[in-house]
Amino acid sequence: MGKTVADIAQEFNLSITTVRFIIGGNAQRYRISAKTEKKVKDYIEKHGLIVNHAARSLKLKKTETLGIIIPRLSNPFFARLIETFEAHCRSLGYQLIFSCSQNNDKEEANLIRMMLSRGVDGLFIACNSKESQQYAIQSVSKPIVFIDRDFGIGKLNSVITDNFGGGYQLAQAILKDNEHELIVFIGDESLPTIASRLAGIEKYCSEHLKKSFKVIKLKGNSAEYGQKGMQTYLKKNSLPRCMVTSSLNILEGCLYAAKNAKLVFNERAIFGTFDYHPMLEFLNNELWVVEQNRQELVQVAFEMMMNMLQSNQDEDISSTLQNNKTFSSNPCLINLNHK
DNA sequence: TGTTATGATCGTAATAGGCT
DNA sequence: AGCCTATTACGATCATAACA
């Protein structure tokens with residue numbers, strides 16, 4: 001299990017201070033004999049060392065813990081993003097704690113307070129709304145990097161995906177050599193991610209598409225909204241031959257509604273969606289997917305965080321906390337189940 | 001009896017100082 | 001000079017003491 005500093009001090013009849021000098025790499029500076037240094041180091045090599053991070057944090061005024069708040073873990077994109085964040089965090093010696101705001105502004109504010117009271121050194125947040133992003137900026141005096149969503153407030157650090165470009169490319173790919181009317185199921189447009197996806201699709205269609213396309217706007221981004229949207233659509237229409245959904249959850253709901261209605265998509269129907277999931281490979285239809293570059297998103301978000309933590313330590317001036325940078329990552333368009 | 005003040009506690013990191 | 005030890009702050013929490 002390892003030994004504590006007190007164990008080691010007792011073992012060799014030394015003071016705790018002496019042992020700490022050796023552990024801290026300051027043996028020579030404090031004139032600890034090479035003989036003593038060696039025996040302590042050998043002992044730690046053999047038995048291991050237990051460090052009390054709570055006490056260390058108390059002294060150092062930093063916990064080497066970072067917090068991340070996302071809307072929901074049931075969104076596969078966020079689940080995978082968390083996993084990438086955690087691995088990155090751990091590789092740099094940081095502990096990551098995460099919580100879900102359940103798309104609720106009040107809950108998000110609570111979680112911010114909770115994370116701060118736990119002593120996180122910095123926060124990554126995927127905000128629910130413009131108001132909650134404003135609240136975070138005003139109420140948090142520690143480094144924040146906003147992820148996935150930037151509501152355009154300005155003066156903040158954010159790492160987002162070029163959803164407009166993604167939507168544009170997706171429309172381009174899906175409409176090439178396709179005769180059928182495009183049906184777009186779009187989730188909550190108040191989110192900049194969703195609005196940008198739709199804007200990209202509309203931009204391409206207005207530039208290149210001669211025939212009409214239909215946008216079905218939903219009030220939320222969960223599978224339930226997708227299901228309801230498709231149910232309503234099916235009252236007056238048959239299943240789309242050319243369909244885009246704004247997220248995996250919306251696609252899930254749409255497919256579920258079709259299954260419930262005992263309807264089967266035409267085998268030549270073509271789908272487009274945002275965010276990749278391995279289960280998509282098992283669909284029979286041709287499918288285009290806009291996949292976000294998770295590794296890049298996480299890496300850049302971390303660089304921003306580390307920069308702020310560093311400058312915070314050096315200067316200790318809260319006004320320099322925010323660097324006001326926005327990074328936009330390019331998504332990748334992939335084609336699955338091509339026929 | 002109810003309120004406020006003080007001190008001890010945890011382990012770590014850094015500084016000041018002591019003993020031979 | 002060489003080698004090591006004692007003391008303190010850090011911050012929240014709890015127990016005990018000292019007030020009115």
Side-chain angles (χ1 to χ4, degrees), chain A residues 1-69 85-101 106-125 135-145 157 302-323:
Chain A
M1 255 314 276
K3 301 284 183 183
T4 64
V5 178
D7 290 336
I8 300 164
Q10 194 175 26
E11 174 74 23
F12 297 112
N13 210 11
L14 291 166
S15 74
I16 286 173
T17 311
T18 302
V19 177
R20 279 196 201 293
F21 284 151
I22 295 165
I23 292 168
N26 294 316
Q28 290 190 344
R29 187 173 153 203
Y30 292 101
R31 301 184 306 180
I32 308 300
S33 69
K35 192 176 156 190
T36 304
E37 183 180 1
K38 186 176 187 313
K39 69 182 178 187
V40 168
K41 281 186 170 173
D42 286 349
Y43 187 81
I44 291 170
E45 177 78 22
K46 188 178 174 188
H47 295 96
L49 177 68
I50 296 172
V51 176
N52 185 319
H53 281 275
R56 182 179 148 85
S57 300
L58 187 62
K59 178 65 187 180
L60 295 181
K61 293 181 177 175
K62 62 175 182 179
T63 57
E64 285 161 339
T65 299
L66 295 171
I68 183 166
I69 299 170
F85 257 106
E86 198 279 330
H88 206 90
C89 221
R90 193 153 31 88
S91 73
L92 292 172
Y94 280 81
Q95 178 90 35
L96 184 71
I97 57 175
F98 84 91
S99 270
C100 301
S101 61
K106 272 192 178 175
E107 195 57 35
E108 188 182 300
N110 277 337
L111 291 174
I112 288 173
R113 286 191 287 271
M114 183 274 281
M115 295 244 176
L116 291 176
S117 76
R118 291 273 171 184
V120 295
D121 293 337
L123 273 174
F124 300 102
I125 313 179
Y135 172 83
I137 292 172
Q138 284 168 359
S139 62
V140 179
S141 59
K142 289 188 174 178
I144 315 180
V145 176
N157 301 279
F302 248 92
E303 278 170 17
M304 284 186 181
M305 179 63 75
M306 289 304 138
N307 280 338
M308 283 187 282
L309 288 172
Q310 195 63 45
S311 60
N312 200 19
Q313 214 168 30
D314 294 344
E315 299 167 32
D316 202 35
I317 301 168
S318 57
S319 62
T320 63
L321 270 180
Q322 301 297 334
N323 301 340

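Predicted model, so just to flag it, every value in this text is computed and none were measured. Each chain gets a letter, A, B and so on, in the order the sequences are listed, and its residues count up from 1.
Nucleotide B:dA14 holds its C1' atom 14 Å from the CZ atom of A:Arg56, rounded to whole Å. Between the CG atom of A:Asn26 and the P atom of B:dA16 there is a distance of 15 Å, given to the nearest Å. Atom CD1 of A:Ile50 and atom P of B:dC10 are 17 Å apart (whole Å). One can place NE2 of A:His53 at 10 Å from P of B:dT12, the figure rounded to the nearest angstrom. The distance from atom CG of A:Leu14 to atom P of C:dG2 is 19 Å, rounded to the nearest whole Å. To the nearest angstrom, P of C:dC4 lies 16 Å from CD1 of A:Ile8. Look at NZ on A:Lys35: it is 14 Å from C1' on C:dC4, rounded to the nearest Å. Rounded to whole Å, the distance from CD1 on A:Ile22 to P on C:dC4 is 8 Å.
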Pull out every protein N or O sitting under 3.5 Å from an N or O of nucleotides 9-15 of chain C, one pair per line with the distance.
{"from": "C:dA9", "atom 1": "N3", "to": "A:Lys59", "atom 2": "NZ", "distance (Å)": "3.2"}

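Base engagement by A:Arg20 is indicated by at least one non-hydrogen atom pair under 4.0 Å involving a base atom. Using a 4.0 Å heavy-atom distance criterion, A:Ile16 is classed as making no nucleic acid contact. Here A:Thr36 lies in heavy-atom contact (under 4.0 Å) with sugar-phosphate atoms only.
Rounding to the nearest 0.5 Å places CG of A:Leu14 at 6.5 Å from CD1 of A:Ile22. The CG atom of A:Leu49 sits 5.0 Å away from atom CD1 of A:Ile8, with the distance rounded to the nearest 0.5 Å. Taking CE of A:Met304 as the start and CZ of A:Phe124 as the end, the distance is 10.5 Å to the nearest 0.5 Å.
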(message) salt bridge (charged side-chain N to carboxylate O under 4.0 Å, His left out), that's the test. Do A:Glu86 and A:Arg90 meet it? Break it down for me.
(response) CA-CA 6 Å; A:Glu86 198 279 330; A:Arg90 193 153 31 88; 2.9 Å; yes

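Around the CD atom of A:Glu107, the shell of radius 6.0 Å holds more than 12 heavy atoms that belong to other residues, nucleotides or ligands.
End-to-end axis angle for the helix from B:dT1-C:dA20 to B:dT20-C:dA1, using five pairs per end and rounding to 10°, comes out at 80°.
With respect to A:Arg56 and A:Glu64, a salt bridge is recorded, a charged nitrogen being found less than 4.0 Å from a carboxylate O.
Between A:Thr18 and C:dT5 there is a side-chain N or O to OP1 or OP2 distance below 4.0 Å. For B:dA14, the OP1/OP2 oxygens have no side-chain nitrogen or oxygen of A:Thr17 closer than 4.0 Å.
No donor-acceptor pair closer than 3.5 Å links the side chain of A:Asn26 to the backbone N or O of A:Phe21. The backbone N or O of A:Thr63 lies less than 3.5 Å from a partner atom in the side chain of A:Asp121, making a donor-acceptor pair. The backbone N or O of A:Lys39 lies less than 3.5 Å from no partner atom in the side chain of A:Asp42, so there is not a single donor-acceptor pair.
Of the candidate nucleotides B:dT15, B:dT12, C:dC4, B:dT15 has the atom lying nearest to any side-chain atom of A:Phe21.
When each of A:Ile125, A:Ile112, A:Asn110, A:Leu111 is paired with A:Ser101, the side-chain contact (heavy atoms from CB on, under 4.5 Å) condition holds for A:Leu111 and for no other.
Comparing A:Ala6 and A:Arg29 by the nucleotide of DNA chain B that holds the closest heavy atom to each, the one mapping nearer the 5' end is A:Ala6.
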